[in-house]
Structures are given as structure tokens and as C-alpha cells.
There are 2 protein chains.
Amino acid sequence: MLRTHTCGQLTAHEAGTEVTLCGWVNSRRDHGKLIFIDLRDRWGLTQVTMIPRDLGDDYQKAKGLRSEFVLAVTGTVNKRPEGTVNPKMPTGEIEVIASQLEVLNPSLTPPFETNDDTEVTEEMRLKYRYLDLRRPKVFRNFLSRSRLYQVIRSFLNSRDFIECETPILTKSTPEGARDYLVPSRLNPGEFYALPQSPQLFKQIFMVSGVERYYQIAKCFRDEDLRADRQPEFTQLDLEMSFIDEEDIYGLFEALMAAIFKELKGIDLKTPFPRMSHAQAMERYQSDKPDLRKETNTEFAFLWVTEFPLFKYNDEEKRWESEHHPFTNVVPGDVSRLDGTDLNNIRSRAYDLVLNGTEIGSGSIRIHDQKLQEKIFSIIGIEKEEAQKRFGFLLEAFQYGAPPHGGFAFGIDRLLAIVAGQDSIREMIAFPKTQKAFCPLSSAPSPVDKKQLEELGIVVKKAK
Amino acid sequence: MLRTHTCGQLTAHEAGTEVTLCGWVNSRRDHGKLIFIDLRDRWGLTQVTMIPRDLGDDYQKAKGLRSEFVLAVTGTVNKRPEGTVNPKMPTGEIEVIASQLEVLNPSLTPPFETNDDTEVTEEMRLKYRYLDLRRPKVFRNFLSRSRLYQVIRSFLNSRDFIECETPILTKSTPEGARDYLVPSRLNPGEFYALPQSPQLFKQIFMVSGVERYYQIAKCFRDEDLRADRQPEFTQLDLEMSFIDEEDIYGLFEALMAAIFKELKGIDLKTPFPRMSHAQAMERYQSDKPDLRKETNTEFAFLWVTEFPLFKYNDEEKRWESEHHPFTNVVPGDVSRLDGTDLNNIRSRAYDLVLNGTEIGSGSIRIHDQKLQEKIFSIIGIEKEEAQKRFGFLLEAFQYGAPPHGGFAFGIDRLLAIVAGQDSIREMIAFPKTQKAFCPLSSAPSPVDKKQLEELGIVVKKAK
């Protein structure tokens with residue numbers, strides 16, 4: 001290490017010790033015969049005092065320091081004189097009297113200050129994301145993200161879940177949004193799809209006998225980014241065998257309690273209230289009511305259960321799945337599948353709602369071949385099409401599929417709510433704009449003709 | 001839960017208890033008046049004894065059971081009579097005398113047995129991966145994978161590393177292999193590239209002040225899959241600021257020790273031996289010598305250091321980077337960059353070799369703008385091209401880039417060596433063939449005309 005301590009570490013306990021710190025110039029005050037630097041690293045700020053007598057020839061370098069220069073400073077920890085102690089800073093008891101100074105790298109004047117008080121447009125923030133990330137309030141969100149991952153994994157690992165990976169270069173999944181496609185060079189004219197979710201593969205894992213699967217998975221949807229959406233997002237994806245709804249509710253209530261305890265120090269009240277979709281619509285005219293007012297809590301969770309199995313597509317004059325076609329039916333409503341009134345047939349799908357936002361959803365899946373075929377026929381998926389789209393899953397179901405169900409929640413959205421942020425872009429290190437453009441890397445961009453030739457594709461229209 | 005216990009849990013301690021187990025028929029023996037089933041779940045096998053007297057009407061169902069049927073069985077735990085105890089099975093002290101039997105799902109006769117002794121072609125294994133994964137030896141690899149992830153994360157989290165995510169829809173990275181491209185619908189004629197590694201973004205994180213970054217990252221290379229390669233693979237990607245080589249060596253020696261202790265119960269001897277690239281080539285005519293013979297160990301680790309900075313491309317008659325153009329130079333060799341003999345200029349790049357296979361590599365990076373420009377000019381990357389390819393990183397380097405370096409290792413390869421497998425395909429749940437084809441999902445596949453129209457591309461040649 002080029003340093004002996006971090007900038008958040010030194011107290012009066014180390015007084016008299018020789019130390020080396022590395023970091024960025026957060027601020028400087030030049031008093032002529034004395035220069036004060038607040039040196040910043042990930043762990044904090046330390047005041048470095050530069051005096052010609054102690055610093056010798058290096059004092060000349062000290063005079064040229066500017067904001068965001070990168071330094072290595074060696075010096076002696078000094079207990080600050082009475083009256084100059086800063087009780088607000090963890091290192092406020094001490095200063096480092098510099099004896100050596102090395103400028104590891106200079107810095108141009110940043111286009112905006114890296115403290116929290118500066119107002120900066122989102123365009124500038126994303127273009128200079130590396131400077132934006134130096135701002136404590138921005139960076140804090142990514143510390144939370146990393147801690148959230150730890151909480152989730154330690155919680156699920158301790159409950160015997162296995163973390164499994166599913167392919168990114170794969171086939172269309174049943175969500176029904178638009179896929180991102182990847183042309184295959186080795187199979188000209190054919191394409192992979194980036195997964196909208198690991199739905200098919202997680203069900204394959206259940207047929208495989210994994211029984212308890214999870215993954216923090218990247219998902220992709222090529223949508224028009226009207227609302228606060230991103231082309232790629234991250235979800236906690238989970239599936240279990242030999243369970244019913246109660247197992248999912250209990251598991252995710254305990255997981256949310258662990259998350260809020262760790263990230264916010266808040267004890268959530270469990271179990272969460274539940275409401276059927278029909279009740280929610282009747283009482284709140286919403287399938288994601290915000291219960292904060294009536295529960296008087298900062299974070300109001302709610303399970304909305306028994307979503308309708310089908311919805312009618314007025315444009316195409318046909319029934320389609322409200323969730324996806326593998327969603328199971330409430331046993332009491334199975335007989336209604338043979339009737340003509342398909343409205344309000346209840347499914348075994350559930351959403352978790354937090355403060356009026358759907359943060360996750362899931363269902364108990366169909367494991368019965370005949371029921372599955374009936375659903376396909378109702379929503380007008382012919383055998384051939386079902387084969388083409390989900391054939392491998394349907395075939396798998398013939399070889400001993402266990403009853404199973406699962407859940408997935410959006411990491412970005414949950415984090416934004418926990419962090420009190422309006423936009424999921426605050427929780428994604430390198431988000432894209434509404435035009436699905438990355439202001440930092442300038443992706444997407446034109447490519448060489450040769451690359452397209454190898455892929456056997458031609459661009460028909462360009463900007 | 002549909003069960004009260006797992007199939008790996010019951011001992012004489014539970015004798016007399018009524019239990020419900022769920023799982024698959026692993027084997028059955030029909031003695032006419034008595035049927036024995038070995039019921040299997042993820043946690044083990046339990047013998048279920050079905051007797052007409054106890055099972056009543058359900059005995060008829062028992063007669064129809066076949067391999068891989070999915071059952072829920074309720075019954076009473078019975079201590080096995082003296083002489084029938086099976087000490088090789090954790091549940092060998094007991095049997096469950098069934099009183100209720102529910103067939104949750106039947107199964108077709110599988111195309112191959114799900115025990116370990118059956119020889120099956122790889123084609124069949126991948127097409128029916130969900131049956132293949134039921135085989136204990138195959139499944140064990142994925143348990144190891146999940147445990148490896150736990151070890152890595154708990155090790156790095158305890159050392160203050162932050163897990164950060166980088167985009168999958170991004171720009172070409174500097175590895176120089178062929179990119180997978182993703183056409184952008186919102187930016188017609190433009191493409192995202194799937195990352196060959198998070199190299200540029202992890203260096204951006206260092207400029208951002210993250211200081212200790214890691215990610216278990218998906219990487220993509222569109223190569224001809226001659227050797228044991230996969231279009232997508234997983235790597236542990238890591239970067240640190242204010243460090244030198246010793247910090248990387250020490251960190252990864254401790255990490256490997258933790259991994260081998262947890263997964264294999266082996267105490268690795270650290271530090272690992274080191275050898276410069278020049279020494280390795282001279283003594284072994286290899287930059288990844290296998291030291292197992294001379295060290296007499298099952299797992300022989302070796303650091304190979306100071307790789308040449310450049311290699312000469314005979315075909316194109318020009319020098320290129322041996323690793324990537326951000327690799328730093330051994331200080332003693334910097335002055336030679338101005339000379340004409342560019343052979344054997346030493347870089348600060350290092351590989352970790354295990355049993356003659358390179359399992360990871362990394363380097364201390366250049367953080368000095370002038371040195372970076374000199375390297376680009378030597379390998380013939382003009383300013384304009386450098387701007388186009390890495391412009392955002394070069395710009396970032398002007399705003400206070402700390403000295404930094406990192407490492408990445410291939411998770412699949414390391415796991416294969418640990419598990420004693422020849423192929424990384426054994427460690428990937430849904431691998432692709434040499435034609436980059438997935439035998440389970442049949443990806444890639446043709447897509448609708450409408451999809452291509454939306455993307456503004458045309459397929460020129462098809463199979």
C-alpha cells in the first residue's frame with residue numbers, strides 16, 4: 001500500500017506517529033506561511049498542515065496544489081490545539097504535519113465541485129459520472145447497493161438457497177416486451193435475445209431439482225423509456241419447489257425486515273397486510289394502493305394477491321395472460337376455465353407493494369401439463385407457437401416437474417425508495433438516458449463495416 | 001411448505017414422528033405385498049416403505065409409481081430393524097412407513113438414468129440438462145459454484161471492497177477480441193457492444209474514488225470456439241487504488257487460501273512462488289509452467305510477473321500491447337520506450353498460474369497522461385482513434401486519477417480445476433456448443449421480420 005492509514009482513521013490515539021495518507025485535495029486554504037489541505041479518500045477527510053519548516057523543499061509543490069489533485073502525504077499526527085478541535089469530524093481531534101509531499105497526479109479544474117451542495121444538471125452529472133461519484137450523497141447510494149447485496153445473499157445462503165446463473169445470450173422469454181437482439185456470427189441470420197428475466201431457466205432449475213434458487217440477475221427490455229425505466233436493470237430472482245404462497249410471503253417479509261434493519265436501522269412490522277386484487281380495486285381503485293396514511297408508517301408494505309388470470313386485449317379482441325402464461329389458477333376457479341366468462345378468474349399471482357409502488361411480483365406456477373395446455377388455448381397460443389416459444393420448458397415439465405413458485409423484485413427501485421430517491425438512475429452507476437444513450441461512454445455508436453459483414457447484416461436506415 | 005422434513009434429515013431421533021416428505025422416485029422395488037421407494041430431494045434419499053395395511057386405498061397409486069415421479073408422502077418414521085440399517089446413508093437408520101401418498105406429477109421415462117453411473121453423450125446431457133442436473137456428480141459442481149461465490153464475497157466484503165455493477169449494453173472494450181453487437185432501435189444504425197470485460201469501467205471507478213471495487217461479472221467474446229471457450233463467461237473482476245503489485249499478490253493468495261480451505265479442505269502454502277516472464281520462458285519455455293512435479297503438490301500456484309509490454313505483430317508489421325494499452329511499465333524500463341528496441345520492455349502485468357493453466361491476470365495501470373500517450377503512439381493508435389475508443393477514460397484520467405491496479409480471474413476455469421473437471425462446460429448450467437448454440441433452448445434462432453424492421457437492419461446471408 002502507498003498509505004499507512006486511511007483519511008477516516010486517525011485520532012488522538014495515533015498522536016506522534018508517522019503516517020502516510022493518500023487521497024484527493026478536497027479543499028485548501030493558503031495562509032502564505034501555512035497551507036491547510038483537507039485530504040479526502042473513501043473513508044473520510046483529514047486535515048494536513050503544511051509548514052515550510054517541516055516540509056522543506058516540498059513546500060513549493062504545496063503551493064501549486066489545487067482541488068482534486070491526488071497526493072501522497074507523509075507526516076506526523078499531531079493533537080490539535082485546544083479550541084481548534086472539530087467534533088463534527090471523526091478525525092477532528094488531529095492534524096497531520098506534513099514532512100513529505102508527492103503529487104501522484106494533478107487535475108484539471110473540474111466542471112463542477114465535488115461537494116454535495118452544488119446543483120448540477122443530470123446531463124453533466126452523467127457525462128462526468130466519475131466526478132459525480134466523488135460527491136458523498138451520490139456515492140452513499142452505491143455503498144447502500146453493495147450492502148443490500150450482502151444482506152440479501154447472507155439471508156438466502158443461510159436458508160439453503162443456491163445462487164445459480166442463467167445465460168445472457170439466450171432466447172425470447174415470455175414477458176412480452178420487446179427483446180434486445182444479438183446477431184450470431186456463427187449462425188448467420190439467427191439471433192440471440194437478451195433475457196427480459198430468467199423466468200424460463202429458473203423454472204428449468206426447479207425441474208432439475210435445485211429446489212431453492214436465487215440470482216441477482218441482469219434483465220433487459222427494449223422499451224420506450226418514457227417513465228423511469230432503463231434498458232438494463234437488476235432483479236433479485238428467486239424460485240422454490242414444494243411450496244405455496246405462505247412460504248413466499250414469509251420469506252420475503254423476513255428478507256425485507258433484514259434489509260430495512262441493516263440499511264435503515266428500522267424494525268419493520270411483519271407480517272405485512274394482504275389484500276386481494278379485487279379488494280384493492282374496490283377500496284382504492286388501484287392494484288398498488290399506498291397505505292402510508294392509514295398505517296402511519298414511513299414504509300407501508302402490502303401484499304396484493306389473487307390477480308386476475310387474464311385480461312382482455314380490446315385492440316386484438318382476445319384474452320391474454322395478466323402476468324405470464326405459467327401462472328397457476330386459484331383451485332376454486334379452475335372449473336371456470338371451461339366457461340365463457342373469463343373475467344376475474346383468480347390467479348395465484350401476487351405483488352409486493354411498497355408506498356404505492358410495485359416493487360416485486362411472482363406466482364405459484366402451473367406444473368400440470370393439461371392445465372397448461374388449456375391456458376395456452378384460451379390465450380390463443382397454438383401448440384406450434386407454444387412449442388416454438390417455450391417448447392424446451394414444456395418438454396421439461398413432462399419429466400417430473402415439482403410444484404413450484406417464485407418471486408422477483410427490482411433492486412434498483414427498492415434501493416431508490418430506501419434511499420429516498422425519485423429516480424432509479426440515482427442507484428445505477430452508469431445509467432442511460434431516455435434515448436437509451438450513455439453520456440459517459442457514448443454507447444451506442446456506429447461500428448465498422450467489417451463487423452457487420454462478419455455478422456451478415458446490413459443497416460437499412462441510419463440517423 | 002408441502003413437506004415437514006427433507007429427504008436427508010431423518011434419523012432414529014425422529015422415530016415415531018409423523019412426517020411428510022416431497023421428492024422424486026429415485027428407485028423402487030416392488031415385492032408385491034410391499035413396495036420400497038427411495039425418495040430423493042436436494043438433501044438426500046429416504047427409504048419409504050409402502051404396505052397395503054398402512055397405505056389403504058393409496059396402495060393402488062404406489063403400484064403405478066415409476067422413476068422420477070414427483071411425490072408427497074406422509075407416514076411415520078420407523079427405526080429400521082437390526083441388520084437392515086444402512087450405515088452409508090445419513091438416513092440409513094430409519095424408514096418412513098407411508099400412510100398417505102400423493103402423486104404430484106408423473107414423469108415420462110427419462111432418456112437416461114439420473115444416477116452417476118450412466119454414460120451419456122454431451123449432446124443428450126445438454127439437451128436434457130434438467131435431467132443431467134439431477135445427477136449427484138453434476139449437481140455438486142453447481143453447489144461448489146454457489147459456495148465459491150459466498151467465499152469470494154465474504155472475503156472481499158470483510159476487506160472493505162464495494163460490489164459495483166457495470167453496464168452490459170456498452171461500448172467496445174480494449175481486449176481486441178471480437179465483440180457481440182446489439183443493434184439499437186432508438187438510435188438506428190448504431191450498436192451497443194457486450195463487454196469483453198469491465199476494464200474501462202473499473203478504471204473509471206478508481207477515478208471516481210471507489211478505491212476497492214469488485215464484481216462477479218459476465219463477459220462476452222465472439223470467438224471461434226475451438227478450445228474450451230464459451231461465448232459468455234464469468235470473471236471475478238477487481239481493482240484497487242494506491243497499491244502496488246504486492247497488495248494484489250497478498251490479497252489473491254489469501255483469497256485462494258480461503259477458497260481452497262472452504263471448497264477442498266486444503267491448506268494452501270502461501271506466499272505462492274514467483275517467476276518473471278523471462279525466467280519462465282528460459283527455464284520452462286512456457287509463460288504458464290506447471291510446477292506440480294517439482295513442488296509435489298496437487299495444486300501448484302505460480303505468479304508470472306513482468307510480462308513484456310509489447311509483442312510484434314508479424315502480419316501487420318507493427319508493435320501491439322501484450323495485455324492492453326493501459327498496462328504500466330516497470331520503472332527501470334521507461335527510458336527504453338524512447339529507443340528502437342522495444343523487445344522485452346517489462347510491464348507491470350502479472351498472471352496467476354495454477355497447474356499450468358493461466359487462471360487470472362492483471363496489472364498496475366498507467367495513471368500518467370504522458371506515458372499513456374507515448375504507449376498509444378508506439379502501438380500506432382492515433383490520437384483520434386484513442387479518443388474514439390477510450391476517449392471517456394482518457395478524459396477521466398485528467399481529473400485526478402489515482403495510481404491503481406487490478407486483477408481478474410475466470411470463475412469457470414478455476415472451478416473446473418478445483419472440481420477436477422476437464423471442461424468449463426461442466427461448471428456452467430446452460431453452456432453452448434462449439435457453434436455457440438444452446439441445445440436446451442435452441443438459441444440462437446431466426447426472428448420475426450417485424451423485429452428486424454424495427455431495428456432497421458436486414459439479414460444479408462442466412463444459413
Side-chain angles (χ1 to χ4, degrees), chain A residues 2-3 22 24 42 68 70 104-105 107-108 130 133-134 146 149-150 157 162-163 167-171 180 182 184-192 204 207-209 211 218 222 231-232 242 392 396 398-402 430 435-436 440-441 443-447 456-462, chain B residues 2-3 22 24 42 68 70 105 107-108 130 133-134 146 149-150 157 162-163 167-171 180 182 184-192 204 207-209 211 218 222 231-232 242 392 396 398-403 430 435-436 440-441 443-447 456-462:
Chain A
L2 308 186
R3 56 160 68 107
C22 291
W24 287 261
R42 206 185 94 194
E68 304 304 324
V70 187
L104 296 170
N105 229 341
S107 171
L108 296 182
Y130 41 90
L133 283 165
R134 291 184 193 168
S146 185
Y149 283 0
Q150 289 180 52
N157 291 338
I162 304 180
E163 185 176 355
I168 299 287
L169 294 169
T170 184
K171 212 178 161 74
Y180 278 104
V182 182
S184 168
R185 181 178 56 88
L186 295 174
N187 305 276
E190 301 192 352
F191 294 79
Y192 304 98
I204 287 282
V207 183
S208 305
E211 301 207 27
K218 282 284 174 87
D222 183 8
E232 59 185 289
F242 305 117
F392 68 105
Q398 299 182 310
Y399 291 97
F430 306 106
K435 283 285 273 179
L440 176 66
S441 67
S445 51
V447 296
I457 61 172
V458 176
V459 168
K460 208 169 58 176
K461 55 179 176 196
Chain B
L2 309 185
R3 55 159 71 104
C22 292
W24 287 260
R42 206 185 94 194
E68 303 306 323
V70 187
N105 229 339
S107 171
L108 296 182
Y130 41 89
L133 282 166
R134 290 184 194 170
S146 185
Y149 284 179
Q150 289 180 53
N157 291 339
I162 304 181
E163 185 176 355
I168 299 288
L169 294 170
T170 184
K171 211 178 163 71
Y180 277 104
V182 182
S184 167
R185 181 177 56 88
L186 295 173
N187 305 277
E190 302 192 351
F191 294 79
Y192 304 97
I204 287 283
V207 182
S208 305
E211 299 208 28
K218 283 285 174 86
D222 183 8
E232 60 186 290
F242 305 117
F392 68 105
Q398 299 183 309
Y399 291 97
F430 305 107
K435 285 283 275 179
L440 176 67
S441 67
S445 50
V447 296
I457 61 172
V458 176
V459 167
K460 208 169 61 176
K461 53 182 177 195

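Chain identifiers are assigned alphabetically (A, B, ...) following the order of the sequence lines, protein sequences preceding nucleic acid strands; residue numbering begins at 1 within each chain.
- With chain A as the partner, the residue from B:Ile162, B:Ile204, B:Leu133 showing the most heavy-atom pairs under 4.5 Å is B:Ile162.
- The part of A:Tyr149 that comes within reach of chain B is its side chain, from C-beta onward, which places non-hydrogen atoms under 4.5 angstrom from that chain.
- Nearest heavy-atom pair across A:Trp24 and B:Val207 is CZ2-O, 4.3 Å.
- In this structure, OG on A:Ser441 lies 9.5 Å from OH on B:Tyr192, to the nearest 0.5 angstrom.
- Among the candidates B:Val182, B:Val458, B:Val70, the residue making the largest number of heavy-atom pairs closer than 4.5 Å to chain A is B:Val458.
- Remark: A:Ser445 engages B:Lys171 in a side-chain contact (heavy atoms from CB on, under 4.5 Å) (not counting sequence neighbours).
- Of the possible donor and acceptor atoms, none in the side chain of A:Asn105 sits under 3.5 Å from a partner among the backbone N and O of B:Pro403.
- The contact between A:Ser184 and chain B is made entirely by side chain atoms (from C-beta outward), counting heavy-atom distances below 4.5 Å.
- Looking at B:Lys435, its side chain never comes within 3.5 Å of a backbone N or O of A:Asn187 through a donor-acceptor pair.
- If you measure heavy-atom distances from B:Pro446 to chain A, the contacts under 4.5 Å come from both the backbone and the side chain.
- Side-chain contact between A:Pro444 and B:Phe191 is absent, with no heavy atoms from C-beta onward closer than 4.5 Å.
- Looking at every heavy atom in both residues, A:Ile168 comes nearest to B:Glu232 through N-OE1, 2.8 Å.
- B:Gln150 places no side-chain N or O within 3.5 Å of a backbone atom of A:Asn157 that could act as its donor or acceptor partner.
- Per-residue heavy-atom pair counts under 4.5 Å with chain B were compared for A:Glu68, A:Glu163, A:Gln398, A:Arg185, and the maximum is reached by A:Arg185.
- Interface check for chain A: of the options B:Ser146, B:Pro231, B:Ser107, B:Ser208, the most heavy-atom pairs under 4.5 Å are formed by B:Ser208.
- The minimum heavy-atom distance linking A:Cys22 with B:Phe242 is given by the pair CB-CD2, 3.4 Å.
- When the options A:Arg134, A:Arg3, A:Arg42 are evaluated for a salt bridge (charged side-chain N to carboxylate O under 4.0 Å, His left out) with B:Glu211, the one that passes is A:Arg3.
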